[in-house]
Asker: 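The following block contains the structure, expressed as structure tokens.
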Amino acid sequence: MTPDILLAAAPCLLPLAVTLGYAFTCVAWPFGKCRRCHGAGKLRAPLGRVYRICPRCHHTGLRPRIGVRLWNMARRLHRDGTQ
């Protein structure tokens with residue numbers, strides 16, 4: 001492989017490497033921290049020191065990543081289309 005070919009292939013390989021890296025991340029860690037409660041699962045009420053359950057994550061502190069949601073949607077669409 002000459003350096004010219006490697007240099008010409010680099011712009012094509014970089015998006016592929018980023019995509020495969022994100023796919024690996026979605027497989028290894030399908031859930032991320034909830035952005036609203038920062039992974040705590042509870043929110044402080046506007047007045048006082050009372051905590052309440054986070055409505056976005058339902059007290060788990062986790063949310064599915066975007067790639068996992070897209071994968072689940074594609075699987076569900078395939079399953080419903082083939083039944």
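Hydrogens, waters and symmetry mates play no part in the numbers below; they use all other heavy atoms, side chains included. Computed from a prediction, not measured in an experiment: that's the story for all the values here.
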Asker: Can you tell me which residue among His59, Arg52, His58 is in a side chain to side chain contact (heavy atoms under 4.5 Å, CB included) with Pro55?
Answerer: Arg52
Asker: Can you sort out the partners of Thr19 under side-chain contact (heavy atoms from CB on, under 4.5 Å), two or more places apart, ordered by chain and number?
Answerer: none
Asker: Hey, what do you get for CG (Leu6) to CG (Leu13), rounding to the nearest 0.5 Å?
Answerer: 8.0 Å
Asker: In the hydrophobic clustering that connects Ile, Leu, Val, Met, Phe, Trp and Tyr at side-chain heavy-atom distances below 4.5 Å, which members other than Phe31 occupy its cluster, ordered by chain and number?
Answerer: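 Via sub-4.5 Å side-chain contacts, Phe31 links to Leu62.
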Asker: Members other than Tyr22 in its cluster, when Ile, Leu, Val, Met, Phe, Trp, Tyr link by side-chain heavy atoms under 4.5 Å?
Answerer: Ile66, Leu70, Met73
Asker: In the hydrophobic clustering that connects Ile, Leu, Val, Met, Phe, Trp and Tyr at side-chain heavy-atom distances below 4.5 Å, which members other than Val27 occupy its cluster, ordered by chain and number?
Answerer: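 Noted: Val27 shares its cluster with no other residue.
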Asker: Applying side-chain hydrogen bond (donor to acceptor under 3.5 Å, both in side chains), which residue pairs with at least one partner in residues 24-45 are found, sequence neighbours left out?
Answerer: Arg44-Tyr51
Asker: Show every side-chain hydrogen bond (donor to acceptor under 3.5 Å, both in side chains) that has at least one partner inside residues 70-81, sequence neighbours left out.
Answerer: none
Asker: Between Cys57 and Cys37, what is the shortest heavy-atom contact and its length?
Answerer: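 Scanning both residues completely, I find the closest heavy atoms to be SG-SG, 3.7 Å.
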